[in-house]
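Structure, as structure tokens:
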Protein chains: 2
Amino acid sequence: MASSDDQAVRATIVAAADRLYYARGIQNVGMDAVRAEAGSSLKRIYGLFPSKDLLVAAVLDHRTAMWWSGVDRAAAGAQTPREQLLSVFDFLNSWFRQDDFRGCAFINSFGELGATSPRVSEKVRAQKESFHSYVRDLVRRAGLADGVALQVTLLVEGAQTVAAITRDRDVVPQARRAAVVLLDAAAAEAGDSRAGQGAVPADGR
Amino acid sequence: MASSDDQAVRATIVAAADRLYYARGIQNVGMDAVRAEAGSSLKRIYGLFPSKDLLVAAVLDHRTAMWWSGVDRAAAGAQTPREQLLSVFDFLNSWFRQDDFRGCAFINSFGELGATSPRVSEKVRAQKESFHSYVRDLVRRAGLADGVALQVTLLVEGAQTVAAITRDRDVVPQARRAAVVLLDAAAAEAGDSRAGQGAVPADGR
DNA sequence: GACGGTGGAGAACGGGCGTTCTCCATGCGG
DNA sequence: CCGCATGGAGAACGCCCGTTCTCCACCGTC
């Protein structure tokens, strides 16, 4: 069958839905608007995505791919784990500058549907945990304690939230500067001696 | 007019709507559900709030009051601006522990309605900017550069986002530790004579 | 040219929701 | 006891939306 055609149409529909959902919010975009934006027909859409929920899931997968593509592109020139970690902020910087920037699609979707759609909720959690895991891996390769990975992750997520809401231009530079300070502090602690464990209750990971 | 009665009923309705909106998302809660939860009538509700949009605005105002009340309570025992800054994380900690915690209502509302409701968008922005301003004031009183205020704000917002999505227990402790590092670094930079003191208030929590 | 099937346009259906309206019970001043 | 304002219950209205269905134009095959 025309499976390759199907793949192309699928991609067109997902891209169209993504544009609309991101700009207006998922619940504010009807299937008819998606149809119009994709230049397709409802029958075709429902043939490829049996329900709106599944289309939303496909859009989130698409967003995941876009995210990693941006992260990878920014990390391409980095030589060390530390540089790779900091390159995330270069990615954020170019992303936030786009005039259609409206925050993190995952965070927005979670706010909108997290309480009612387990599918959405699960996709969002998977994406966030996978990014945290990516950061943790780089932190380990840099020879630092895991804790700083969560710290950097908080900066990245906070930057997305604050940039979306306030459009403050200093967000990414400050986030990056904070990350540098935190990485340096963790490096100093690691270089010090193994005595330097945080005073956290139950840090038995 | 029974204006004091009106005030009490207003508060009841707002509290009921807040509970439902926070738990399920604004768009997933109809006026009829609010009526049932508030034990009131639609006529009464529409007499006090001419439209759902205005009820939502009142709910956001209510959330703002709750936020500052929590922040103030946590800051009550703090002696210095630095302690006040760190007490924010104590507030977050007790908040995130509540089993009905579902993230920051402002961030959720923004994700849901930010693109379509200027009123919501504006309230959210005002709340976030007012918190940033609160942090900046404390940072200044601690004799530190403004930049670190944004850094701490990013940690606070990131903590709310990540805690909502992943329910990771380490979020607040790590956010607090990161804040300490950032404040210390800013103090060292400021060349303040008292900078190095009180680096990590051991079990001070 | 007839024909079956493919896919598009868009109407139709069922349900939900914001908002308004109708009807009625209640209580109070004459 | 009557009239009337008050406010509750919930039906009604209009609209939107997810999903399905109907109709029809088009295309390759006999």
Side-chain angles (χ1 to χ4, degrees), chain A residues 1-60 108-109 112-113 115-120, chain B residues 1-60 108-109 112-113 115-120:
Chain A
M1 298 313 217
S3 155
S4 77
D5 255 22
D6 279 7
Q7 282 311 102
V9 174
R10 265 187 80 97
T12 303
I13 294 170
V14 167
D18 178 68
R19 255 174 278 133
L20 297 179
Y21 291 167
Y22 184 64
R24 295 193 232 155
I26 294 171
Q27 303 196 87
N28 294 313
V29 174
M31 294 301 275
D32 201 62
V34 174
R35 178 201 56 76
E37 177 83 7
S40 186
S41 75
L42 281 178
K43 199 189 239 176
R44 201 95 156 94
I45 294 176
Y46 274 95
L48 297 169
F49 306 94
S51 73
K52 181 174 180 177
D53 225 46
L54 292 169
L55 174 57
V56 170
V59 166
L60 290 181
N108 292 346
S109 305
E112 203 175 343
L113 299 171
T116 52
S117 165
R119 188 147 20 210
V120 166
Chain B
M1 305 285 218
S3 158
S4 77
D5 256 22
D6 279 6
Q7 282 311 103
V9 175
R10 267 187 77 98
T12 304
I13 294 170
V14 167
D18 178 67
R19 254 174 279 133
L20 297 178
Y21 290 167
Y22 184 63
R24 296 193 232 154
I26 295 171
Q27 304 196 83
N28 294 313
V29 175
M31 294 300 276
D32 201 62
V34 174
R35 176 202 57 75
E37 177 83 7
S40 185
S41 75
L42 282 177
K43 200 190 239 176
R44 201 95 157 93
I45 294 176
Y46 275 94
L48 296 168
F49 306 94
S51 73
K52 181 173 180 177
D53 226 45
L54 292 169
L55 174 57
V56 170
V59 167
L60 290 180
N108 292 346
S109 306
E112 203 175 343
L113 298 170
T116 52
S117 165
R119 186 145 22 207
V120 167

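Below, chains carry the letters A, B, ... as their sequence lines are ordered, and counting in each starts from 1. The basis for the numbers below is simple: all heavy atoms, side chains too, and nothing from hydrogens, waters or symmetry mates.
- The nearest whole Å value for the distance from the CD atom in B/Gln27 to the P atom in D/dG18 is 11 Å.
- Here the closest heavy-atom approach between residue B/Val56 and residue B/Tyr21 is recorded as CG2-CE1, 3.9 Å.
- Annotation for A/Tyr46 and A/Ser51: closest pair CE2-CA, 4.3 Å, computed over non-hydrogen atoms.
- When each of D/dG7, C/dT19, C/dG8 is scored by its nearest atom to the side-chain atoms of A/Arg44, the top-ranked nucleotide is C/dG8.
- Remark: A/Lys52 is in phosphate contact with D/dG18, judged by side-chain N or O atoms under 4.0 Å from OP1 or OP2.
- Of the candidates C/dT19, C/dA9, D/dT20, C/dA9 carries the atom nearest the A/Ser41 side chain, counting heavy atoms from C-beta on.
- Residues A/Ala23 and B/Ala115 share a closest heavy-atom pair of O-CB, 3.1 Å.
- Within 4.0 Å of A/Val34, counting heavy atoms only, lies no atom of the nucleic acid at all.
- A/Ile45 and A/Arg35 make their closest contact through CD1-CA, 3.7 Å (heavy atoms, listed as atom of the first residue, atom of the second, distance).
- Rounded to whole Å, the distance from CG on B/Leu55 to C1' on C/dT19 is 14 Å.
- Counting only heavy atoms from C-beta on, B/Lys43 has its side chain closest to D/dG8 among D/dT19, C/dG7, D/dG8.
- Residues A/Asn28 and A/Leu42 both approach DNA chain D. Their nearest nucleotides, taken by heavy-atom distance, put A/Asn28 toward the 5′ side.
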